[in-house]
Amino acid sequence: MDSADVSFKLGQIHGLVGQNGAGKTTLARMLCGVLSPDSGHIEVEGAPTSFASPRAALDAGVTMVAQELSLVPGLTVAENLLLGQLPSQFGVCNSGEMLRRARHLIEDSGFNLDPAALVSTLSQSDRQKTEILRAVARNARLVIFDEPRSSLSVHEAAQVYGVMRALAASGVAVVLVSHFLSEVLEVCDVVTVMRDGLAVMHAPTDDLTPRHLVEHMVGSTHDGLQGGRPNPPPQHGAPRLETRGLTGLGFEEISLTVGVGEIVSIVGLVGSGRTEFISAVYGAQKPTSGTILIDGAPERFRSPRAAKRAGLAYISESRQTDGVFPLLGADTNITVAHMETISRFGLLARRLQRDRSADAARRVDVRAGSLSQPISSLSGGNQQKALLARWLVQPPQLWLIDEPTRGVDVVSTAQIHSVIVSLAEAGMSVLMVTSDLDEALAIAHRIYVFRDGRVEREFDAGTTDESALLAAAFAADASEPRQLT
């Protein structure tokens, strides 16, 4: 980031957008005392200020809901919400008062959270909601939301935006860092676009469109950001993947197919069983009944390693928790699933690792000063592309991808979409879970809508629209059967 001049006003929701690596999160971390600026200064209500730590920033009324969550898994929701400000008497936590305050916060937000639940037992979306309410509980004057939408359904995102509006109405300055450009324009009063570390545009949102924002983000007009639709898949032979009545924890009686060269998407509300289903296909959890067939042959994978040997790849919805090894180099992260192919006599062949990782990284345009630098130093979009590159070292026949563009900017999203389409056109098959209905409609051939752990409907992506998918996800038309359309 270089010479960024931005101001945030009380009672206003301010959007901050840009490509991954544009400087948005760096700016937010400086405002919150996580990073120190090399030059320039921060002013709070007109007074020059510097924050030596996040605690100092919080004491000055500045806090952030980080994209990568910072909750304490072994504590309850209530304890996390009030961490650092627990009510106490004579040095002992007043648990009754703590629960009362936590319930009040939860009820005001409209979130469905149990204040007594351990954070370690929560879903990713419920952890995101807990992180958001923790920031609200701190009574800050400036609250920064860094990609709050990334793990939430459309309905839950609307609740978050309601919280943000309530904060702004109470006189709090709210900053929204997001890649969902349409929602930024809907929710925010003003927006700042960052590019290459600079604030290149600042304007009210009234007369802007997503295309305007994209043009400033990339420095020019940039057509076709969603990528082209894939060619129709071949219509012969056994499906690459078929499940018949597959049942397990969080889903039941799931029957679906993914053809050779086909992209199939699963959409649905958070908690609809999407993630649990594909992790069971990959052997990460054990189904209780039903059948999995790969190229027409029954399979039951005892472990992810067995699924990998059978030609399956899996990319988790949470790259920080289940995807990357943050302190290891990008080259190691890319090749970690294929150590047997880059080792000689039990020893790592470093040159071979460099060559294989560089080739895979090039295919998905991973941008890094050096692939040997820690992957945590790369932007979120480049980390996500590195996970795709991991499986291009030895391409599988079936890709299982959970939230392929979570927390990724529009340009990286287009690149990832292009990679997924190219996989299908090379004869591979892709089953992806996404919360972004536009994404499913843009690149999938077919779409399954999950609801309450079951397949609610199946759609041809080329002949449906977002409203039909939402109606199925919410069961808006109860007269419709759970059948193909």
Side-chain angles (χ1 to χ4, degrees), residues 8 10-11 13 28-29 31-34 44 51-152 156-177 270-271 318 320-321:
F8 307 109
L10 296 174
I13 304 178
R29 288 175 175 173
L31 292 174
C32 294
V34 177
V44 176
F51 300 131
S53 66
R55 181 76 245 182
L58 184 58
D59 290 342
V62 180
T63 191
M64 179 168 70
V65 181
Q67 182 178 350
E68 305 304 338
L69 308 185
S70 57
L71 303 173
V72 182
L75 299 183
T76 66
V77 168
E79 289 166 333
N80 271 278
L81 290 181
L82 299 171
L83 199 60
Q85 48 182 344
L86 292 170
S88 62
Q89 285 182 313
F90 310 111
V92 178
C93 176
N94 184 335
S95 57
E97 176 64 13
M98 176 186 69
L99 284 171
R100 187 192 69 79
R101 292 188 192 178
R103 287 195 183 100
H104 181 69
L105 281 166
I106 293 168
E107 288 169 3
D108 282 352
S109 70
F111 293 158
N112 183 21
L113 289 171
D114 177 3
L118 286 175
V119 163
S120 60
T121 67
L122 300 182
S123 67
Q124 184 73 11
S125 65
D126 282 347
R127 294 186 188 199
Q128 187 90 26
K129 288 183 275 189
T130 303
E131 182 87 12
I132 289 165
L133 288 188
R134 185 167 72 172
V136 174
R138 289 170 169 174
N139 295 316
R141 300 288 284 156
L142 171 64
V143 181
I144 303 168
F145 292 80
D146 189 6
E147 298 292 348
R149 167 80 165 83
S150 57
S151 298
L152 303 178
E156 291 168 328
Q159 291 178 312
V160 173
Y161 296 144
V163 170
M164 293 169 59
R165 290 187 179 103
L167 286 171
S170 69
V172 174
V174 177
V175 180
L176 172 61
V177 181
V270 173
S318 175
Q320 295 299 324
T321 303

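Once rounded to the nearest 0.5 Å, the distance linking CG of Leu82 with CG of Leu75 reads 11.5 Å. Here the CG atom belonging to Leu31 is positioned 5.5 Å from the CZ atom belonging to Phe8, to the nearest 0.5 angstrom. To the nearest 0.5 angstrom, Thr130 atom OG1 is 4.5 Å from Leu113 atom CG. Atoms CG and CG, on Leu81 and Leu105 in that order, are 6.0 Å from each other to the nearest 0.5 Å. Atom CD of residue Glu79 and atom CZ of residue Arg134 lie 12.5 Å apart, to the nearest 0.5 angstrom. A distance of 10.5 Å separates NE2 of His104 from OG of Ser109, quoted to the nearest 0.5 Å.
Annotation: salt bridge (Lys or Arg N to Asp or Glu O under 4.0 Å) contacts of Arg101 (sequence neighbours excluded): Glu97. Residues passing the ring pair (Phe, Tyr, Trp, His ring centres under 6.0 Å) test with Tyr161, sequence neighbours excluded: none.
The neighbour count for Asn112 CG, taken as heavy atoms of other residues, nucleotides or ligands under 6.0 Å away, does not exceed 12.
Here the closest heavy-atom approach between residue Val119 and residue Val72 is recorded as CB-O, 3.8 Å. When all heavy atoms of Gln159 and Gly110 are compared, the pair lying nearest together is NE2-O, 2.6 Å. Summarising the geometry of Glu147 relative to Gln128, their closest heavy-atom pair is O-NE2, 3.6 Å, with the distance given to 0.1 Å. Minimum interatomic distance between Val65 and Ala135 (heavy atoms only, all atoms of both residues): CG2-CB, 3.4 Å. Of all non-hydrogen atoms in Thr76 and Ala116, the two that sit nearest each other are CG2-O, 3.5 Å. When all heavy atoms of Ala140 and Gly61 are compared, the closest pair comes out as CB-O, 3.3 Å.
Arg138 contributes no side-chain N or O that, together with a main-chain N or O of Val62, makes up a donor-acceptor pair within less than 3.5 Å. Proximity of a side-chain donor or acceptor of Arg141 to a complementary backbone N or O of Ala60 within less than 3.5 Å is not detected.
Each of Val163, Leu10, Leu167 was scored for a side-chain contact (heavy atoms from CB on, under 4.5 Å) with Val174, with one residue passing: Leu167.
At a threshold of 4.5 Å between non-hydrogen side-chain atoms, the residues Cys32 and Leu142 do not count as touching.
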